[in-house]
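I have placed the structure first, in the form of structure tokens, so that the comments after it can refer back to it.
Residue numbering restarts at 1 for every chain, and letters A, B, ... go by the order of the sequence lines.
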Amino acid sequence: MGKLREFTIKTEETGVYNITRTVTDAIKESGVESGFAVIFCPHTTAAVAFNENTDPNVGADMLLGMDNAFPKLEGYRHFEGNSDAHIKSSSLGAELIVLIDEGWPLLGIWQNIYFVEFYGPRERKYYIKIVED
Amino acid sequence: MGKLREFTIKTEETGVYNITRTVTDAIKESGVESGFAVIFCPHTTAAVAFNENTDPNVGADMLLGMDNAFPKLEGYRHFEGNSDAHIKSSSLGAELIVLIDEGWPLLGIWQNIYFVEFYGPRERKYYIKIVED
Amino acid sequence: MGKLREFTIKTEETGVYNITRTVTDAIKESGVESGFAVIFCPHTTAAVAFNENTDPNVGADMLLGMDNAFPKLEGYRHFEGNSDAHIKSSSLGAELIVLIDEGWPLLGIWQNIYFVEFYGPRERKYYIKIVED
């Protein structure tokens with residue numbers, strides 16, 4: 001049985017927000033021992049991603065690196081002027097799969113789960129769906 | 001029970017094609033109320049992605065932004081000369097997960113599903129697999 | 001029932017490693033005829049990706065293209081100096097979904113599955129979880 005839950009997060013203009021604890025809690029509360037979780041971002045100027053969890057600079061560096069790869073271009077025609085944020089969102093992706101093993105998210109030692117804002121500040125949503133084997 | 005269906009799409013040299021309606025119809029026809037769909041692109045010079053659905057310029061901007069991030073490089077050695085298309089495909093990704101809630105795809109208000117061509121024109125395929133909870 | 005298996009891979013400083021055979025074998029050994037596999041990389045400076053399988057130059061080109069899109073930047077502040085590898089990892093992604101149809105991975109003719117190293121050499125791990133319909 002899949003369990004779908006909705007969460008909200010308040011963001012700055014741009015930012016990288018650690019949601020690992022929320023995902024872990026949702027898994028524990030579900031009681032699912034083996035399966036997987038889908039993390040889904042229903043926005044087209046934000047994303048979800050895995051990244052390192054020890055050094056907070058990694059988040060700022062991620063935003064800088066995405067800006068460098070996908071800068072604002074003169075050729076962009078989208079009337080809102082935020083095509084760079086749309087492309088960053090599509091490129092990083094709106095969904096993550098987190099495997100569940102013995103009731104815990106199966107993550108690497110330094111691996112955490114992040115909500116990434118490219119066009120805030122906003123109140124954003126994300127979903128966690130837990131699927132049992 | 002998972003239901004796997006195959007679809008075809010005719011593409012231009014490059015292009016961004018809205019397949020949201022096809023995904024929605026496949027979900028409705030499956031009768032699945034809760035679960036998820038996997039959208040899979042079996043090509044290495046095309047991709048599937050979420051993006052905004054209101055302004056058609058967003059598609060053209062996505063292609064331009066991907067070209068800028070992953071241009072043709074002099075150092076590329078692949079004999080077909082389309083390494084830029086391969087990297088765009090790998091970067092954007094070949095699979096999407098779409099959550100199904102109460103019989104509908106769970107998407108943001110402005111969020112749609114796209115097939116993205118980087119090396120056409122071709123007749124392409126994509127698969128939709130629907131998994132019930 | 002989901003079946004989770006762990007694999008190891010020895011990498012060079014950077015590299016693109018074809019793991020399609022391992023995935024196919026894991027699917028065959030599971031006996032699952034219809035479902036999907038999740039390939040998961042628990043590292044934040046490596047990734048998993050689909051790409052073409054015929055020309056070995058495609059792997060080298062992928063690394064070159066990712067270097068070009070996500071170069072080392074002077075503004076990076078992460079103390080380990082490998083923020084470019086973290087961003088490449090987040091961008092390419094840590095998970096893949098491979099559909100299983102009639103006991104085989106559903107891949108395009110030229111489509112294979114790769115483990116991508118951005119910050120080796122290391123002994124890396126990856127997981128394959130097989131989910132039956």
Side-chain angles (χ1 to χ4, degrees), chain A residues 2 16 20 32-39 47-71 87-116 130-133, chain C residues 1-6 30 32 35-49 65-98 118-119 122 124-133:
Chain A
V16 176
T20 313
V32 169
E33 288 290 313
S34 180
F36 61 93
V38 179
I39 320 300
V48 282
F50 295 105
N51 207 336
E52 203 198 74
N53 61 3
T54 44
D55 177 0
N57 286 327
V58 167
D61 287 358
M62 175 187 265
L63 292 170
L64 184 61
M66 292 299 286
D67 267 347
N68 185 69
F70 303 102
I87 294 168
K88 289 170 191 167
S89 168
S90 296
S91 176
L92 217 51
E95 356 86 281
L96 295 177
I97 303 174
V98 178
L99 299 180
I100 302 172
D101 189 40
E102 300 186 355
W104 289 91
L106 182 64
L107 295 170
I109 298 171
W110 295 286
Q111 192 176 37
N112 270 201
I113 306 161
Y114 295 89
F115 185 97
V116 186
I130 295 177
V131 181
E132 193 165 10
D133 286 336
Chain C
M1 182 184 61
K3 294 148 183 112
L4 180 66
R5 292 183 56 186
E6 181 182 322
S30 76
V32 169
F36 61 93
V38 179
I39 321 299
F40 186 73
C41 165
H43 307 287
T44 59
T45 53
V48 283
M66 292 298 287
D67 267 347
N68 186 69
F70 303 102
K72 287 183 184 293
L73 297 176
E74 290 204 3
Y76 283 155
R77 295 180 300 172
H78 178 40
F79 66 88
E80 289 185 288
N82 61 353
S83 276
D84 60 309
H86 285 305
I87 293 167
K88 290 169 190 166
S89 168
S90 296
S91 177
L92 217 51
E95 356 87 282
L96 294 177
I97 303 174
V98 178
F118 292 119
Y119 194 65
R122 291 176 190 251
R124 297 291 203 175
K125 288 192 292 191
Y126 62 95
Y127 296 94
I128 301 178
K129 183 183 179 84
I130 295 177
V131 181
E132 194 165 11
D133 285 338

**Request:** Determine yes or no for a side-chain-to-main-chain donor-acceptor pair under 3.5 angstrom, with C/H86 supplying the side chain and C/T44 the backbone.
**Result:** yes

**Item:** Pair listing, salt bridge (Lys or Arg N to Asp or Glu O under 4.0 Å) test, anchored in residues 75-89 of chain C, at least two apart
**Value:** C/D67-C/K88, C/K72-C/D84, C/D84-C/K88

**Message:** Between A/D133 and C/K3, does any NZ, NE, NH1 or NH2 come within less than 4.0 Å of an OD or OE carboxylate oxygen?
**Reply:** no

**Message:** Please classify the contact of A/I100 with chain C as side chain, backbone, both or neither, using a heavy-atom distance under 4.5 Å.
**Reply:** backbone

**Per-residue contact mode, C/S91 against chain A (heavy atom under 4.5 angstrom)** = both

**Request:** State which residues pass salt bridge (Lys or Arg N to Asp or Glu O under 4.0 Å) with A/D61; sequence neighbours excluded, sorted by chain then number.
**Result:** none

**Request:** Check each atom of C/I97 against the heavy atoms of chain A and say whether the ones under 4.5 Å are side chain, backbone, both or neither.
**Result:** side chain

**Test log, rule side-chain contact (heavy atoms from CB on, under 4.5 Å), inputs A/I113 and A/F50** = CA-CA 5 Å; A/I113 306 161; A/F50 295 105; 3.9 Å; yes

**Asked** With a 4.5 angstrom heavy-atom cut-off, which part of C/Y76 approaches chain A: side chain, backbone, both or neither?
**Response** both

**Request:** Could you look at C/F70 and say if it's the side chain, the backbone, both or neither that has a heavy atom under 4.5 Å from chain A?
**Result:** side chain

